[in-house]
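In this chain, numbering begins with 1 at the start of the sequence shown. Given the structure is predicted, the values throughout are model-derived calculations rather than measurements.
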Amino acid sequence: MLEQIFNSSNFNYLPRAMSAASMRQEVISHNIANVNTPNYRKTNLEFEDMLAREIYGEEQPGSLQMVRTHDRHLPFKPLDFHAEPTMVEDHTTIMRVDDNNVDIDIEMATLAKNQLYFNTLATEMAGYVQKLKTAITSGAQ
């Protein structure tokens with residue numbers, strides 16, 4: 001019973017997403033610290049797209065096409081989470097003379113967005129744990 005609870009999707013993806021958000025915070029901080037370093041290329045952290053592909057699946061050649069007709073329908077493949085955050089160096093257009101591609105305004109906005117994302121994940125995790133606590137203690141009176 002406990003194995004089913006702790007192996008549920010919330011306990012699989014919420015801690016991973018929180019870890020990825022924490023890593024993204026470090027990456028953004030590193031980018032901000034190097035805003036004036038010549039030839040520096042900013043780094044981004046990719047995670048959410050990989051996780052979404054795992055949850056909702058990718059089309060396999062020769063596989064049967066399935067359609068979810070409602071958002072509340074379950075995904076078609078078992079939820080087996082192995083997506084890990086990946087750091088990717090950004091080689092986009094450089095608009096500065098020193099060949100640095102860090103835009104401080106974009107980095108600060110991304111930092112704020114990531115903080116909101118992490119806080120939302122933490123709130124979801126706390127709510128899930130509270131529901132488990134309520135379910136466990138509601139029988140004892």
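Using a 4.5 Å cut-off on side-chain heavy atoms (C-beta onward), L111 and Q115 make no contact. Residues N39 and D98 are not in side-chain contact: their nearest non-hydrogen atoms beyond the backbone lie 4.5 Å or more apart. Side chains of Q25 and T110 form no contact here, defined as non-hydrogen atoms less than 4.5 Å apart.
The distance from atom NZ of K113 to atom CZ of R24, rounded to the nearest 0.5 Å, is 8.0 Å. Atoms CD and OH, on E48 and Y13 in that order, are 12.5 Å from each other to the nearest 0.5 Å. The CZ atom of R96 sits 10.0 Å away from atom CD1 of I94, with the distance rounded to the nearest 0.5 Å. Annotation: the span from R16 atom CZ to L121 atom CG amounts to 14.0 Å, rounded to 0.5 Å.
Every side chain to side chain contact (heavy atoms under 4.5 Å, CB included) that E107 has, sequence neighbours left out, goes to I28, N31, I32, K42, V102.
The hydrophobic cluster containing V27, built from Ile/Leu/Val/Met/Phe/Trp/Tyr side-chain heavy atoms closer than 4.5 Å, also comprises M23, L45, M87.
Under the 4.5 Å side-chain contact rule for hydrophobic residues, L14 and F118 share a cluster.
Between the side chain of S22 and the main chain of M18, no donor-acceptor pair closer than 3.5 Å is present. Judged by distance alone, with hydrogens and angles left aside, the side-chain atoms of N100 form a donor-acceptor pair with the main-chain N or O of V35 at under 3.5 Å. Side-chain atoms of R41 come within 3.5 Å of backbone atoms of D99 as a donor-acceptor pair (strictly under, hydrogens ignored). Although no hydrogens or angles enter the test, the distance criterion places no donor-acceptor pair under 3.5 Å between the side chain of S19 and the main chain of P15.
Annotation for F47 and A17: closest pair CE2-CA, 3.6 Å, computed over non-hydrogen atoms.
For residues 20-39, the set of pairs meeting the ring-ring contact (aromatic ring centres under 6.0 Å, His included) definition, not counting sequence neighbours, comprises H30-Y40.
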